[in-house]
Amino acid sequence: MTLYSTPNSDRSQATETSNLVASKDTPAKTEQQPFITDPAVLEKIIISKLNTRIYPRGELVLPCVPSMLDNYMKRLETLFETFGRPFSQAELDQLRQILSKRLQQGFEVSPHSNVIIKYEPAKAPEVGLTCNISTAVSTVADQYKSWVENRKPPLFGSHPDAKVMSVVSEMNQDPSTTPILDVGAGTGRNTLPLGRQGYLVHAVELTPAFVQQIQAAVEAESLPIVVTEGNILDPMVRMRPAHYKLAIVSEVISHFRDADQLRLLLAKMSDVLRSGGLLLFNTFLAVDGYEPDRTVREMAEIAWSSVFTRADLKSAMEGLPLEIISDEPVFEYEKENLPEEAWPPTGWFINWSTGRDLFPIANGRPPMELRWLLCKRT
């Protein structure tokens, strides 16, 4: 999509100076016309002339946040006015319509999509500025692939979650007869230590590069671990019903799109857990009295911090054979129970787990936090 804007000197926006500017096609008549010496008027005329010699060229990358449409439009209006290339109202209306569609379509595919706006001087015989709009889609798997290629390991920490190891220890079960499901296993931060203790672990991971890393360790150490590549929400990813003693879902729900996906996960875990089995998961919950609006929820998805309310959680669990037996903040628990050399797990963990990736508040706490929830399958 391409839009054109024209310089101020050729547009109605320059009404204050247009009657003082000579036409491009008709020579100005000088006889019987007064000399213009007012500095303020002359400055406007000079700036209008300057605008015709400025050649802006650049690119804007806008995250696909549909609720930010008004904000984006204000930014674009200000940008092009600064260049002396304002759009007409009709052009702005057209831009708004196209941008709205792009933002919505990109967000529906992935919260990590971007709208890219490229602008440059128009080619003759057109005048002014051209504006080209496109969409770039990036999935969670794409994002993690970039992590593997550009970040130094360990990507999620050198130690397993302290809460995971505590729950496993308190189960006091024979590892060789205790199957464990690790959903969204990542690079195997929890899977591999459990396998090394002799537990029968089934790891499910959607990022191919992570699956390869876990599989390489499993083969090298002959660990009792089975790895499945896939999305746990995919109906084609199936597991044995009523089989697992423990299911772990760590740092996964933060990628979910809505409460329906949370409900689907909890229902699936209910099906694969034994009676009396445990489900340990973490999720961002809004503090009591705070209701995230549409913009916050959309931005939370972009920040890998999808947030739910207690009401969302209650609705997702309604009718399922799950009972919450513990509920505590991840940040405090992990800081207190991880080995000193393992804290913090990563450079981003503190801000992320406390909600500051979404709300970078310095003198106060964000209205959300990552919490450990331990449930028992009744």
Side-chain angles (χ1 to χ4, degrees), residues 60-76 78-79 82 103 107 110-115 138 140 143-144 146-147 150-159 161-163 186 189 250-259 262 281-313 327-373:
L60 285 175
V61 178
L62 304 175
C64 285
V65 186
S67 60
M68 283 293 183
L69 176 62
D70 288 343
N71 181 283
Y72 288 161
M73 286 301 301
K74 289 179 181 178
R75 291 170 185 259
L76 290 169
T78 300
L79 175 68
T82 300
L103 292 173
F107 184 75
S110 169
H112 309 299
S113 300
N114 294 308
V115 168
S138 178
V140 172
Q143 294 287 308
Y144 278 137
S146 176
W147 279 33
N150 300 301
R151 298 193 182 193
K152 294 182 179 180
L155 298 180
F156 303 99
S158 58
H159 286 61
D161 288 314
K163 184 63 177 178
R189 184 168 54 93
S250 178
E251 302 182 10
V252 172
I253 297 174
S254 56
H255 293 299
F256 282 11
R257 305 300 309 270
D258 52 43
L262 178 59
F281 66 95
N282 53 30
T283 184
F284 283 98
L285 290 177
V287 299
D288 292 340
Y290 172 66
E291 179 68 36
D293 61 18
R294 177 190 171 193
T295 298
V296 168
R297 288 181 183 266
E298 289 178 354
M299 286 295 295
E301 290 188 49
I302 291 175
W304 301 21
S305 306
S306 294
V307 59
F308 299 102
T309 64
R310 291 283 176 178
D312 292 332
L313 179 61
D327 179 349
E328 52 209 330
V330 171
F331 172 80
E332 283 83 354
Y333 188 94
E334 296 300 310
K335 183 178 181 181
E336 181 178 346
N337 293 283
L338 276 175
E340 183 177 353
E341 68 274 12
W343 181 260
T346 66
W348 48 263
F349 182 84
I350 293 177
N351 282 342
W352 177 72
S353 63
T354 57
R356 286 182 172 83
D357 269 4
L358 180 59
F359 295 102
I361 299 172
N363 300 315
R365 298 176 62 183
M368 57 180 279
E369 63 181 355
L370 191 68
R371 298 190 68 86
W372 279 122
L373 295 168

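Because only heavy atoms are used, hydrogens play no part in the values below, and waters and symmetry mates are left out as well, while side chains stay in.
The two residues His159 and Pro339 come nearest to each other via the heavy atoms CD2-CG, 3.7 Å. The shortest non-hydrogen separation linking Ser305 to Met368 is O-CE, 3.6 Å. Counting all heavy atoms, side chain and backbone alike, Arg356 lies closest to Pro366 at CG-CG, 3.6 Å. Summarising the geometry of Trp372 relative to Ser250, their closest heavy-atom pair is CH2-OG, 3.7 Å, with the distance given to 0.1 Å. Pairing each heavy atom of Gly157 with each of Pro154, the nearest pair is O-CB, 3.4 Å. Of all heavy-atom pairs between Ser67 and Glu298, the closest is OG-OE1, 2.7 Å.
Looking at residues two or more places apart in sequence or on another chain, you find a side chain to side chain contact (heavy atoms under 4.5 Å, CB included) between Ser113 and Cys64, Ser110, Val137. When the ring-ring contact (aromatic ring centres under 6.0 Å, His included) test is applied to Tyr144, the partners found at least two apart in sequence or on another chain are Trp147, Phe156, Phe210, His255, Trp304.
Summarising the geometry, atom CZ belonging to Phe308 is positioned 9.5 Å from atom OG belonging to Ser254; distances are rounded to the nearest 0.5 Å. Atom CG of Asn282 is separated from atom CD of Glu369 by 12.0 Å, given to the nearest 0.5 angstrom. In this structure, Met73 CE and Thr78 OG1 are separated by 10.5 Å, a value rounded to the nearest 0.5 Å. Rounding to the nearest 0.5 Å gives a distance of 11.5 Å between CG of Asn351 and CD1 of Ile361. Asp357 CG to Ile350 CD1: the interatomic distance, rounded to the nearest 0.5 Å, is 11.5 Å. We find the OG-CG distance between Ser306 and Asp312 to be 11.0 Å, quoted to the nearest 0.5 Å.
Two residues are said to be in side-chain contact when any heavy atoms from C-beta on lie closer than 4.5 Å; Phe349 and Lys335 fail this criterion. Counting only heavy atoms from C-beta outward, the side chains of Leu79 and Leu60 approach each other to under 4.5 Å. Between Pro345 and Glu334 there is no side-chain heavy-atom pair separated by less than 4.5 Å. With a 4.5 Å cut-off on side-chain heavy atoms, Asn337 and Lys163 do not count as touching. Residues Tyr72 and Val115 fail the side-chain proximity criterion, which asks for heavy atoms closer than 4.5 Å. Considering only heavy atoms from C-beta on, Thr346 stays 4.5 Å or farther from Leu155 through its side chain. Within the 4.5 Å cutoff, no side-chain heavy atoms of Phe256 are placed close to those of Phe284.
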- request: Please test Thr354 against Arg365 for side chain to side chain contact (heavy atoms under 4.5 Å, CB included), starting from the C-alpha separation and ending with a verdict.
  value: CA-CA 8 Å; Thr354 57; Arg365 298 176 62 183; over 6 Å; no
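Among Ile302, Leu62, Val61, Leu103, the single residue meeting the side chain to side chain contact (heavy atoms under 4.5 Å, CB included) criterion with Asn114 is Val61. Considering Val307, Thr309, Val296 in turn, Val296 is the only one that fulfils the side chain to side chain contact (heavy atoms under 4.5 Å, CB included) rule with Tyr290.
Salt-bridge annotation for Arg257 and Glu301: present, with a side-chain N of the basic residue lying under 4.0 Å from a carboxylate O of the acidic one. Arg297 has a carboxylate O that lies under 4.0 Å from a charged side-chain N of Glu291, or vice versa, which qualifies the two as a salt bridge.
Residue Arg310 places its CZ atom among more than 12 non-hydrogen atoms of other residues, nucleotides or ligands, all under 6.0 Å distant.
Remark: side-chain polar atoms of Tyr333 are not paired, donor with acceptor, to backbone N or O of Arg371 under 3.5 angstrom. Judged by distance alone, the side chain of Asp327 and the main-chain N or O of Leu373 form no donor-acceptor pair under 3.5 Å.
Ring-centre distance between Trp352 and Phe331: not below the 6.0 Å cut-off.
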